[in-house]
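Everything on this sheet refers to the single structure shown next.
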Amino acid sequence: QKEVEQNSGPLSVPEGAIASLNCTYSDRGSQSFFWYRQYSGKSPELIMFIYSNGDKEDGRFTAQLNKASQYVSLLIRDSQPSDSATYLCAVNGDTGNQFYFGTGTSLTVIP
Amino acid sequence: EAGVAQSPRYKIIEKRQSVAFWCNPISGHATLYWYQQILGQGPKLLIQFQNNGVVDDSQLPKDRFSAERLKGVDSTLKIQPAKLEDSAVYLCASSLVHGATYEQYFGPGTRLTVT
């Protein structure tokens with residue numbers, strides 16, 4: 001079983017600040033890493049994925065991957081109240097199309 | 001492009017009753033997943049299909065849960081008999097390879113309450 005660890009939070013940041021969400025994983029064979037956003041009462045929504053070491057930017061979101069440290073993070077710049085949600089980290093398995101999820105980090109952006 | 005469809009959205013049953021959930025994946029997605037998500041936890045994979053075949057059902061409680069995917073498209077997940085601890089959201093997802101990785105998309109889920 002692949003282990004994916006996230007700090008459950010809650011994480012609170014003021015509006016306009018940078019929110020930093022972290023995730024570690026146990027399987028060095030994992031190739032791709034995913035961030036999902038889940039609003040209360042809704043299903044997870046894919047917001048970003050990354051598979052190369054370094055940074056990947058998409059609008060206000062930046063995913064960072066360090067395979068040597070088995071660490072992936074998500075930065076949200078200029079945080080908005082609408083970013084308040086639970087953020088799930090997922091990694092893929094050996095076949096590429098199996099996904100293992102962390103328990104999620106709850107983020108609250110305070111206006 | 002239509003997303004993953006699920007029904008029903010909500011279901012309340014008594015323990016020991018049976019229940020079935022339906023899922024229609026995104027068109028062209030060969031891989032279909034059923035997850036169980038208990039409040040405050042991440043999704044837990046119950047079963048994964050590749051076309052008609054089962055890829056992984058290692059965490060499916062086979063004494064009470066069953067799933068099928070006929071013709072490699074729609075899928076149903078059944079619980080019989082239900083227990084109180086089955087109260088959860090049941091998520092269906094499908095995936096497709098995109099470049100160097102697979103992308104997985106979720107349906108709206110079915111919230112099951114067992115009383």
Open item on the list: If we define contacts as heavy-atom pairs under 4.5 Å, which of B/P108, B/G109, B/A93 has the most with chain A?
Closed with: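 Option with the top pair count is B/P108.
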Open item on the list: Quick check on the interface: out of B/K44, B/Q37, B/R111, who has the most heavy-atom pairs with chain A under 4.5 Å?
Closed with: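 Highest number of pairs under 4.5 Å: B/Q37.
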Could you tell me whether [X] atom [atom1] has more than 12 heavy atoms of other residues or ligands within 6.0 Å of it?
| X | atom1 | answer |
| --- | --- | --- |
| B/L39 | CG | no |
| A/K67 | NZ | yes |
| B/K71 | NZ | no |
| B/I12 | CD1 | no |

How long is the span from the [atom1] atom in [X] to the [atom2] atom in [Y], to the nearest 0.5 Å?
| X | Y | atom1 | atom2 | result |
| --- | --- | --- | --- | --- |
| B/L45 | A/F101 | CG | CZ | 9.0 Å |
| A/L88 | B/Q41 | CG | CD | 11.5 Å |
| B/Y33 | A/F99 | OH | CZ | 4.5 Å |

Looking at every non-hydrogen atom in both residues, tell me the closest pair between [X] and [Y] and how far apart they are.
| X | Y | value |
| --- | --- | --- |
| B/Y102 | A/F34 | O-CE2, 3.1 Å |
| A/S43 | B/L91 | CB-CD2, 3.8 Å |
| A/Y36 | B/Q104 | OH-O, 3.1 Å |

Transitive ILVMFWY side-chain link [X] to [Y], under 4.5 Å:
| X | Y | value |
| --- | --- | --- |
| B/Y35 | B/I79 | no |
| B/L32 | B/F106 | no |
| A/L74 | A/V109 | yes |
| B/I26 | B/V55 | no |
| A/L75 | A/L46 | no |

TODO: Could you tell me which portion of A/Q98 (side chain, backbone, both or neither) has an atom closer than 4.5 angstrom to a non-hydrogen atom of chain B?
DONE: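 Both backbone and side chain.
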- [ ] Please look at B/Q48 and chain A and tell me whether the side chain, the backbone, both or neither of the residue comes under 4.5 angstrom of a heavy atom of that chain.
- [x]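 When you check distances to chain A, only side chain atoms of B/Q48 fall under 4.5 Å.
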Open item on the list: For a quick check under 3.5 Å, do B/T31 and A/N97 share a side-chain donor-acceptor pair by atom type?
Closed with: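 Yes, because at least one side-chain N or O of B/T31 sits under 3.5 Å from a partner of the opposite role on A/N97.
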TODO: Just give me the residue among A/Q38, A/E45, A/K42 that pairs up with chain B most often, heavy atom to heavy atom, under 4.5 Å.
DONE: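 Among the listed options, the one with the most contacts to chain B is A/Q38.
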- [ ] For the pair B/E103 (side chain) and A/F49 (backbone), establish whether a donor and an acceptor sit closer than 3.5 Å, ignoring hydrogens and angles.
- [x]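 Not at all, since once roles are kept as given, no pair shorter than 3.5 Å links the two residues.
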